[in-house]
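Counting starts at 1 for both ligands and their atoms, in listed order.
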Amino acid sequence: MNSFSEYPFDERIRKAIDDLGYTRPTSIQSRTFMPIIEGRDLIGIAQTGTGKTAAFVLPSLQRYLLRDPGEAYTGPRVLILSPTRELAAQVKESIEELAKYAEFRVALLLGGVPYGKQVKALQDDPEVIVATPGRLIDHVQKRNTHLQAVDVFILDEGDRMLDMGFMPAIRQIIGLLGKGPRQTLMFSATFPEPIARLASRLMKDPVSVDVTPPVRTPEKIRQGAFYVEKMRKPRLLRELLALPNMTSVMVFCGMKVEADFIYEVISGDGFNVGVLHSDRDQKERTRALQAFREGKYSILIATDIAARGLDIKDVTHVINYDLPNNFEDYVHRVGRTARAEADGEALSFVTPGDLLTFNKIEAHLQRAIERFDFGEVTIPWTQQAGAAQGRRGR
Ligand code: AMP
């Protein structure tokens with residue numbers, strides 16, 4: 001099916017979809033809507049940018065709307081866990097947009113910000129909780145809420161949860177859920193073993209939906225790489241950022257100190273730039289992200305904390321100032337550009353020491369990354385082997 005009208009969505013949901021200008025379901029959506037509406041458990045393997053948030057929000061809302069409106073409130077019914085604060089905030093926004101005609105109360109529970117507003121949101125009898133794991137546990141322990149009435153449990157970005165060490169917290173949260181029947185939905189870009197084990201423990205006969213294409217970065221992203229000595233990377237970055245087509249650029253660094261250093265350099269050049277990493281407090285992070293979203297900043301320097309899931313429209317370029325250590329992170333970073341229908345370009349800086357990692361990433365991609373030179377700033381790719389040897393010999 002490839003039209004929203006073919007699904008049994010309530011008029012209130014249809015109107016919200018129209019308002020957002022979605023004309024047809026994305027590939028993952030066309031495969032999750034019916035099973036979720038029918039109450040099945042579901043495992044969705046999908047990278048961000050595929051429309052996966054709406055893929056679980058819309059049918060969950062639809063199911064919710066079918067309930068008896070006179071039913072007494074017994075506690076939050078839908079629980080969505082997200083790995084990062086930014087992502088959770090984004091999911092909440094998405095629910096509010098999609099449910100704007102359906103009067104749904106959503107509480108957002110995040111770490112790193114004061115409790116007051118969250119406690120108030122919980123006192124408001126929300127139907128839905130969107131939370132990061134630690135803060136949710138805090139609230140339950142403080143008896144600000146309970147999870148006994150949760151009958152839809154959604155785990156978003158499962159692999160990321162795992163990477164961030166959230167598995168024990170997730171197990172604890174599962175222990176806090178009520179014993180009644182429950183629908184469980186799990187989304188992840190990849191499906192590592194611990195996630196598979198959790199799924200098999202938690203889910204009954206789940207439907208599996210895999211929209212991961214064999215080449216996992218969107219086709220529309222042009223991918224290129226520069227071969228450059230480490231000490232020349234700041235100069236290469238500055239020259240690239242000065243190009244007229246670099247209108248909305250995310251620059252990824254491996255470490256927080258590196259991100260701060262680059263931020264100093266780039267802001268010293270007079271660019272409108274923000275920085276996003278986990279040493280900045282939540283206010284600063286939100287402000288930086290917001291300013292980048294609104295176009296006040298044309299450049300956002302970030303560590304991998306910002307690489308996953310964030311949905312920022314019209315990012316024209318992703319620059320891997322530091323090459324990520326693995327393919328998964330590469331895919332997540334690169335996926336920040338060419339969201340939904342747009343085009344984008346991802347450029348990686350490859351130092352002689354990165355060659356091995358770079359070759360592995362490219363082999364995984366099953367697609368060539370274009371080799372670019374940049375005048376005298378970069379090392380010509382033709383000198384690849386020699387340069388690597390030269391470095392070893394030094
Ligand atoms: P996500 O993968 O959930 O982060 O979504 C990526 C982007 O796609 C978001 O900006 C959504 O608003 C957008 N989107 C979701 N579903 C659709 C659709 N059916 N048509 C067009 N855009 C969509």
Aromatic plane relationship, F4 with F9 - under 30° parallel, 30 to 60° tilted, over 60° perpendicular: tilted
Residue K52 vicinity, atoms of ligand 1 by number, heavy atom under 4.0 Å: 1 (P), 2 (O), 3 (O)
Min N/O separation T50 to ligand 1 under 3.5 Å: yes
Ligand 1-proximal atoms of Q29, by part, heavy-atom distance under 4.0 Å: side chain
Minimum non-hydrogen distance to atom 15 (C) of ligand 1, winning option of F4, F187, Y22: Y22
Short side-chain donor-acceptor distance under 3.5 Å, T357 and D354: no
Contacts of type salt bridge (charged side-chain N to carboxylate O under 4.0 Å, His left out), residue E258, not counting sequence neighbours: none
Output side-chain donor-acceptor pairs under 3.5 Å for residues 39-46, partner residues at least two apart or in another chain, one line each.
{"residue": "R40", "atom": "NH2", "partner": "D205", "partner atom": "O", "Å": "3.1"}
{"residue": "D41", "atom": "OD1", "partner": "T184", "partner atom": "N", "Å": "2.8"}
{"residue": "D41", "atom": "OD2", "partner": "K204", "partner atom": "N", "Å": "2.8"}

Q90 side chain to E86 side chain, donor-acceptor N/O pair below 3.5 angstrom: no
Heteroatom proximity flag, G51 to ligand 1, N/O under 3.5 Å: yes
Residue R24 vicinity, atoms of ligand 1 by number, heavy atom under 4.0 Å: 18 (C), 19 (N), 20 (N)
